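Read through the structure below, which is laid out as structure tokens, and then see the notes.
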Amino acid sequence: INSAGMSRQATASTMYFRIVTPAYFQTMGIKLREGRTFDGTDRIFTDADSAQSSSLSVIVSREAAKRFFGDDEPIGRTLPMGKDAMTVIGVVDDVKYTGIASVTESVIYRSFSQSPFRLVMLVVRTAGGAVSLRHCCTTDVGRRRAVPTSCHPTTRPTDSTTSPTC
């Protein structure tokens, strides 16, 4: 990241990047503190969208906001990264991805629709038993869908088996 105009501590330590879908924060229970989460407007722009801003939207952790902008308001600020400009649209709570005893990491979250990546991790939250989702999730992953469809484990499939419908 080009550090021009950022706080001095912004250039000192490790930072993590996560490419996520709009439901990631709700699924993981990560609270939005300022701004907004990703939505349908956060996508890759084509030549036909030339009137739109071509800036990539990012959400930063509280630690990253403090690291890059100090006490200044982060929403609407731009983080230059290579040839891309990333506009901060939201700030979320800090998460300790590397372990509970680890230091608080700075995290920048990019939208999957703006930064498609072939290697993905599937995150699922259920109010019921996780075993009931096994078939559904493995079926979606087997179909190589970039973003899994909704699973309805309480609905019976048409073939009368006990597996959930995907």
Side-chain angles (χ1 to χ4, degrees), residues 1-127 130 133 137 140-141 144-151:
I1 292 184
N2 179 340
S3 60
M6 295 180 200
S7 72
R8 170 168 259 168
Q9 65 191 54
T11 58
S13 62
T14 304
M15 180 169 20
Y16 295 90
F17 287 87
R18 300 278 185 255
I19 298 173
V20 302
T21 59
Y24 178 79
F25 301 103
Q26 180 181 2
T27 301
M28 294 294 290
I30 302 171
K31 187 172 181 175
L32 178 69
R33 292 295 179 176
E34 295 181 57
R36 66 174 178 87
T37 58
F38 298 120
D39 61 26
T41 63
D42 304 306
R43 59 187 176 82
I44 295 175
F45 294 101
T46 65
D47 290 338
D49 298 316
S50 59
Q52 298 277 350
S53 167
S54 60
S55 177
L56 298 172
S57 301
V58 294
I59 297 170
V60 297
S61 65
R62 289 172 83 177
E63 181 67 22
K66 182 176 20 171
R67 179 176 169 184
F68 287 112
F69 307 115
D71 293 331
D72 293 343
E73 171 64 36
I75 305 301
R77 298 282 301 269
T78 301
L79 294 172
M81 181 171 176
K83 63 182 177 75
D84 296 325
M86 303 183 300
T87 301
V88 178
I89 62 164
V91 177
V92 295
D93 275 342
D94 293 322
V95 175
K96 294 190 175 203
Y97 285 104
T98 58
I100 196 72
S102 66
V103 298
T104 302
E105 296 104 352
S106 294
V107 183
I108 294 178
Y109 299 92
R110 292 179 67 169
S111 171
F112 180 81
S113 63
Q114 289 183 329
S115 307
F117 195 68
R118 292 183 62 109
L119 178 64
V120 297
M121 235 184 284
L122 177 64
V123 178
V124 178
R125 178 180 293 262
T126 178
L133 293 176
C137 293
D140 276 349
V141 169
R144 297 175 188 232
R145 291 185 178 157
V147 180
T149 59
S150 298
C151 291

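If you read the sequence from its start, that first residue is 1, and numbering goes on from there. Source: prediction; values computed, not measured.
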Between [X] and [Y], what is the shortest heavy-atom contact and its length?
X: Glu73; Y: Arg77; value: O-CG, 3.2 Å
X: Val91; Y: Pro74; value: CG2-CG, 3.5 Å
X: Met86; Y: Ile108; value: CE-CD1, 4.4 Å
X: Thr78; Y: Ala85; value: CG2-CB, 3.7 Å

Would you check, one step at a time, whether the test side chain to side chain contact (heavy atoms under 4.5 Å, CB included) holds for Ile89 with Asp42? CA-CA 10 Å; Ile89 62 164; Asp42 304 306; 3.9 Å; yes

Can you tell me which residue pairs pass the ring pair (Phe, Tyr, Trp, His ring centres under 6.0 Å) test with a partner in residues 71-92, sequence neighbours excluded? none

My understanding is that only residues two or more places apart in sequence, or in another chain, count here; which of them pass side chain to side chain contact (heavy atoms under 4.5 Å, CB included) with [X]?
X: Leu32; result: Thr37, Val92
X: Gln26; result: none
X: Ala64; result: Val60, Ser61, Phe68, Ser106

Within-4.5 Å side-chain heavy-atom neighbours: Tyr24 and Ile19: no

With sequence neighbours excluded, tell me which residues meet ring-ring contact (aromatic ring centres under 6.0 Å, His included) with Phe25. Tyr109

For [X], what residues pass the side-chain hydrogen bond (donor to acceptor under 3.5 Å, both in side chains) criterion, not counting sequence neighbours?
X: Thr98; result: Ser102, Glu105
X: Ser113; result: Ser111
X: Tyr16; result: none

Can you tell whether the side chains of Asp94 and Lys66 come within less than 4.0 Å, N to carboxylate O?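 Salt bridge: no.
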
Enumerate the residue pairs fulfilling salt bridge (charged side-chain N to carboxylate O under 4.0 Å, His left out) with a member in residues 16-33, sequence neighbours excluded, ordered by first and then second residue.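 For residues 16-33: Arg33-Asp93.
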
